[in-house]
Amino acid sequence: MICNYLTELAGLATVRYGLFTDGLRAIYRNALNSQVLDDTEAAQEAAQLALTFLGTEREAMKAAIFEIAAIARRETLDEIASNDTEKLADEALEHLSVSASYLADELLAQASRDIATMRRSIQRVRLEVSLASRASGRSRRAAMMEYMVGNKSELEFFFHDKASRKWESKLFVRSIFRQTLLSVYNEIVLFTLADHGLDRAVVEHHSPDAQHDGMVIALSSSTELPTYSEIRETVFHPNANAWLKMESADVHA
């Protein structure tokens, strides 16, 4: 089932992003242990870490997107019983490149937010240590030691959605990665159907009792059927176990 594989790929992306945030935590701890609390130097080191991570991750994202596209095309051609051996059209390939760029931009934005969180945390520690030192007359070193003894929790990274809900960063990465791959799968199915003169598709769900299982959609807005763009956000959310396929002869609107 394609949805299981999407979940697996998204899980791997989550692990990779978790390694990146582990690196940010290491930079944060080093800044505290140095007792200099230089957020500028830490931010520069974090930016370099992000560049390295994103450079590698772009290749992983592109590979995943093109793999899912190939699976979608092959499975749809099998359903159509087509012997078509031509590669994806240029328009479809351009669409995949745009999807890869979108995913890279989302990842860059979250990495930037997490670097900003790390830097702000260093600044707050510096302020707290400075105030404690001034108020007590102790040295900054003594105040810093006291802070580190009393604050052993790890630095956490989050994403806030439009509803102001807080998500762990790596869970946000999992969601955006999986939803992008699911979109790629569905959209290549639609490209392939359209290239073979088919103007309808059907939603398939791993559970036959699911609300949207069997829903038929049109590839154009000239019918009374819903279109992909109209159901995309509700049916194909990040955790969806639904996908598009060719409409079978025994499926009715």
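These numbers were taken from a predicted model, which means no experiment stands behind them.
Under the 4.5 Å side-chain heavy-atom criterion for Ile, Leu, Val, Met, Phe, Trp and Tyr, Leu93 and Leu190 are members of the same hydrophobic cluster. The hydrophobic clustering, which links ILVMFWY residues whose side-chain heavy atoms are closer than 4.5 Å, places Ile71 and Leu88 together. Val98 and Ile188 end up in different hydrophobic clusters when Ile, Leu, Val, Met, Phe, Trp and Tyr side chains are linked at under 4.5 Å. The cluster map of Ile, Leu, Val, Met, Phe, Trp and Tyr, joined by side-chain heavy atoms under 4.5 Å apart, puts Tyr147 and Val149 in different clusters. The same ILVMFWY cluster, assembled from side-chain heavy atoms under 4.5 Å apart, contains both Phe66 and Tyr102.
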Would you check, one step at a time, whether the test side chain to side chain contact (heavy atoms under 4.5 Å, CB included) holds for Leu12 with Arg16? CA-CA 6 Å; Leu12 292 173; Arg16 294 193 299 270; 3.7 Å; yes

Would Ser175 and Leu171 satisfy side chain to side chain contact (heavy atoms under 4.5 Å, CB included), going step by step from the backbone distance to the final call? CA-CA 6 Å; Ser175 294; Leu171 296 182; 5.6 Å; no

Tyr17 vs Phe172, test: side chain to side chain contact (heavy atoms under 4.5 Å, CB included). Steps then yes/no. CA-CA 10 Å; Tyr17 195 81; Phe172 166 74; over 6 Å; no

Taking it one step at a time, do Ile65 and Leu181 satisfy side chain to side chain contact (heavy atoms under 4.5 Å, CB included)? CA-CA 6 Å; Ile65 283 172; Leu181 293 182; 3.8 Å; yes

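Residue-environment remark: CG (Asn33) exceeds the threshold of 12 foreign heavy atoms within 6.0 Å. More than 12 heavy atoms of other residues, nucleotides or ligands shown are found within 6.0 angstrom of CD on Glu156. Atom CD of Glu106 is surrounded by more than 12 heavy atoms from other residues, nucleotides or ligands within 6.0 Å. When the shell of 6.0 Å around CZ of Arg138 is examined, it contains more than 12 heavy atoms from other residues, nucleotides or ligands.
The ring-ring contact (aromatic ring centres under 6.0 Å, His included) test applied to Phe157 returns no partner, not counting sequence neighbours. Residues satisfying the salt bridge (charged side-chain N to carboxylate O under 4.0 Å, His left out) criterion with Arg141, sequence neighbours excluded, are absent altogether.
Contact record, Ser169 with Gln110: OG-NE2, 2.9 Å, taken as the closest heavy-atom pair. The heavy-atom pair separating Glu230 from Leu225 by the smallest distance is OE1-O, 4.4 Å. Residues Ala143 and Val129 come closest through the heavy atom pair CB-O, 3.7 Å. Pairing each heavy atom of Asn239 with each of Arg178, the nearest pair is C-NH1, 3.7 Å. For Glu187 against Arg232, the heavy-atom pair with the smallest separation is OE2-NH1, 3.9 Å. Nearest approach of Ala42 to Ile122, heavy atoms of both residues: CB-CD1, 3.5 Å.
Side-chain atoms of His95 and Val184, non-hydrogen and from C-beta on, never get closer than 4.5 Å to each other. With a 4.5 Å cut-off on side-chain heavy atoms, Ile231 and Val203 count as touching. Inter-residue side-chain proximity for Ile2 and Ile68 is flagged as met; some heavy-atom pair is nearer than 4.5 Å. In this structure the side chain of Glu154 reaches within 4.5 angstrom of the side chain of Arg29, judged on heavy atoms. Side-chain contact check for Glu45 versus Leu49: every heavy-atom pair is 4.5 Å or farther apart. Between Met144 and Val125, some side-chain heavy-atom pair lies under the 4.5 Å cut-off. Under the 4.5 Å side-chain criterion, counting only non-hydrogen atoms from C-beta, Leu244 is not in contact with Glu204. Residues His196 and Leu77 form a side-chain contact, since some pair of their non-hydrogen atoms from C-beta on lies under 4.5 Å apart.
Atoms OG1 and NZ, from Thr14 and Lys170 in turn, are 8.0 Å apart once rounded to the nearest 0.5 Å. Atoms CZ and CG, on Phe191 and Leu96 in that order, are 8.0 Å from each other to the nearest 0.5 Å. The distance from atom CZ of Arg73 to atom CD1 of Ile80, rounded to the nearest 0.5 Å, is 8.5 Å. In this structure, CZ in Phe177 is found 13.0 Å from CG in Leu182, a value given to the nearest 0.5 Å. Remark: Arg140 CZ to Leu37 CG distance equals 6.5 Å, nearest 0.5 Å. Note that the OH atom of Tyr28 and the OG1 atom of Thr21 stand 14.5 Å from one another [nearest 0.5 Å].
A donor-acceptor contact shorter than 3.5 Å links the side chain of Glu79 to the backbone of Met246. Looking at Arg174, its side chain never comes within 3.5 Å of a backbone N or O of Ala10 through a donor-acceptor pair.
Side-chain atoms of Asn4 and Glu8 form no donor-acceptor pair, as typed in the model, at a separation below 3.5 Å. No side-chain N or O of Arg126 forms a donor-acceptor pair with one of Gln123 less than 3.5 Å apart.
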